[in-house]
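Here is the structure we will look at.
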2 protein chains.
Amino acid sequence: MAPGRIAQTALYQEVAERLRQRIFAHELLPGIRIDEQQLAVEYGISRTPLREALKVLAAEGLVTLRPRRGAFVTEISDQDLDEIFPLMAMLEGRCALEATRRASPEQIARLEALHRQLQRFAASNQIGRFFEVNQEFHLRIQEMSGNRWLRQMIQDLRKVLKLTRLFSLSIDGRLQQSLDEHVGILEAIRTGDALRAQTMMHDHILAGRQALVRGAGEEARVPS
Amino acid sequence: MAPGRIAQTALYQEVAERLRQRIFAHELLPGIRIDEQQLAVEYGISRTPLREALKVLAAEGLVTLRPRRGAFVTEISDQDLDEIFPLMAMLEGRCALEATRRASPEQIARLEALHRQLQRFAASNQIGRFFEVNQEFHLRIQEMSGNRWLRQMIQDLRKVLKLTRLFSLSIDGRLQQSLDEHVGILEAIRTGDALRAQTMMHDHILAGRQALVRGAGEEARVPS
DNA sequence: TTTCATAATTATGGATACAGTATTATTCGC
DNA sequence: GCGAATAATACTGTATCCATAATTATGAAA
């Protein structure tokens with residue numbers, strides 16, 4: 001093990017996180033086999049923590065373990081996407097509902113600050129930054145809902161979604177459309193209209209999926 | 001390892017399943033520490049597959065791994081229940097909605113057969129059997145929804161719920177009330193009223209939680 | 001030339017051994 | 001007698017080793 005490491009977190013957790021990042025970065029593409037031995041050598045660790053990390057990722061659905069066959073990055077089908085997005089819409093809609101009911105003025109102000117950041121990144125067409133802050137925006141609302149399990153569930157699904165190359169935001173006009181939808185959501189939260197916030201968030205998520213379907217085939221390619 | 005075992009599934013999966021059953025049977029109570037070494041000796045296996053099994057259970061939320069402290073059976077608070085039940089209600093409601101839209105006459109007939117079984121077990125006050133078939137009833141509707149992710153999500157939450165001793169069905173009158181609610185759900189599914197099926201299932205789940213809250217303190221004890 | 005069977009190689013799954021850290025108990029000092 | 005510090009013990013975390021199963025390659029036969 002590398003000396004100087006404080007090792008407060010277990011090694012298998014670190015390995016799991018590194019693998020997650022590589023999967024999310026599409027460096028490890030869905031379907032390919034994850035070579036335990038090679039990775040162990042590459043990371044300079046033994047196979048034991050690596051195997052434990054793979055078990056964790058398998059439980060998250062990011063990798064699929066075939067007995068005696070090895071670990072493979074999970075492949076997500078279009079049908080999976082069609083099943084997951086409506087779920088996400090429902091769950092995030094619920095978040096918006098609960099968040100609206102419990103929102104404090106400070107929390108709303110924080111959301112609006114994030115929204116202004118989004119506007120800036122959209123104006124300068126910084127899609128990467130927009131993507132990050134957008135995640136932060138949604139995460140914040142999930143936290144505001146006060147329901148730990150609801151938030152966890154959404155995060156788990158989002159991990160699975162990150163397996164695919166979803167660049168709905170890079171589709172022409174989607175960035176502005178997304179911003180407009182955020183304005184509506186914020187408005188509903190600000191005025192305390194929980195049901196409207198729920199509906200708008202719900203439709204916002206589904207609109208993301210719609211943009212994907214429309215832009216199918218022309219999705220951006222990222223050189224691994 | 002026991003000879004004669006075909007061992008198609010990995011050992012860690014078997015161990016995980018055995019531990020799950022012991023946790024669900026409340027043989028391993030929430031909060032207690034799971035002794036790796038002792039269990040390894042007890043099962044006649046090494047610590048390696050046991051540790052992998054614990055990682056899986058941790059991902060499911062059944063056990064909590066405290067770094068350098070060991071594995072503990074997860075403790076569920078009342079607040080957790082208050083957060084989980086509305087979620088379950090929403091998710092199972094959604095299942096009922098989708099199931100209604102896709103229901104074939106054969107599937108409906110199968111549901112009604114299960115319902116008749118429930119009536120029999122209720123009449124003879126066989127709570128254990130009722131509980132089992134009740135699970136089957138709900139699971140069937142989840143499968144009918146055709147959404148793999150929705151079903152998985154509900155099953156995951158249900159696992160966590162099984163950590164606690166939830167015997168709402170053993171509370172006086174709840175058995176009959178549950179049956180009545182099922183009648184309503186079945187009626188909605190049969191007539192194709194998806195929205196009504198959703199609402200009724202939603203309320204059915206919440207009613208289970210309500211019964212629990214009312215019956216708090218007087219919950220029945222089940223040996224093992 | 002293609003297909004099937006057998007053998008060899010490689011990788012996964014499980015066991016055992018070792019090191020490091022945390023907890024607990026005992027002893028010493030105040 | 002009580003509290004703190006140090007030492008010992010026990011358990012987690014990691015590495016190495018071994019066995020078994022799967023896959024691939026090679027050779028022979030059709």
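Because only heavy atoms are used, hydrogens play no part in the values below, and waters and symmetry mates are left out as well, while side chains stay in. Not measured: the values here are computed from a predicted model. We name chains A, B, ... by the order of the sequence lines, and we start the count at 1 in each one.
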**Message:** In this structure, how many angstroms lie between the C1' atom of D/dT12 and the CD1 atom of B/Ile34, rounded?
**Reply:** 14 Å
**Message:** Taking donor-acceptor contacts at under 3.5 Å, does the side chain of B/Arg51 reach the base of D/dT12?
**Reply:** no
**Message:** Checking B/Gln79 against B/Ser77: is there a side-chain donor and acceptor pair closer than 3.5 Å?
**Reply:** no
**Request:** Determine, for A/Arg140 against A/Glu136, whether the closest basic-nitrogen to carboxylate-oxygen distance falls under 4.0 angstrom.
**Result:** yes
**Prompt:** Taking the side chain of B/Pro49 as its heavy atoms from C-beta onward, which of D/dT14, C/dA15, D/dA22 lies nearest to it?
**Reply:** C/dA15
**Asked** Ignoring hydrogens and angles, does a donor from either the side chain of A/Arg47 or the base of C/dG13 sit under 3.5 Å from an acceptor on the other?
**Response** yes
**Item:** Rounded distance in Å - CZ (B/Phe72) to C1' (D/dC11)
**Value:** 11 Å
Which side-chain N or O atoms in residues 157-164 of chain B pair as donor and acceptor under 3.5 Å with protein atoms at least two apart or in another chain?
| from | atom 1 | to | atom 2 | distance (Å) |
| --- | --- | --- | --- | --- |
| B/Arg158 | NH2 | B/Glu92 | OE2 | 3.0 |
| B/Lys159 | NZ | B/Glu60 | OE2 | 3.4 |
| B/Thr164 | OG1 | B/Leu161 | O | 2.9 |

**Request:** Could you check how far CG of B/Leu54 sits from C1' of D/dC11, rounded to whole Å?
**Result:** 14 Å
**Asked** Near A/Arg129 CZ, under 6.0 Å, is it more than 12 heavy atoms from other residues, nucleotides or ligands?
**Response** no
**Request:** Check every atom of D/dT23, D/dT14, C/dT12 against the side chain of A/Arg69 and return the nucleotide holding the closest atom.
**Result:** D/dT23
**Asked** Looking only at side-chain N and O atoms, does B/Thr48 come under 4.0 Å of OP1 or OP2 in C/dG14?
**Response** no
**Request:** In whole angstrom, give the distance that lies between atom CG of B/Leu65 and atom C1' of D/dG13.
**Result:** 12 Å
**Message:** Distance check needed: C/dA11 P versus A/Arg66 CZ, whole Å only.
**Reply:** 16 Å
**Asked** Roughly, in whole Å, what's the span from CD in B/Glu52 to C1' in C/dG13?
**Response** 8 Å
**Request:** Mind calculating the distance between CG (B/Leu50) and P (D/dC11) to the nearest angstrom?
**Result:** 14 Å
**Request:** Measure from CG on B/Leu11 to C1' on C/dA15 and round the result to the nearest Å.
**Result:** 11 Å
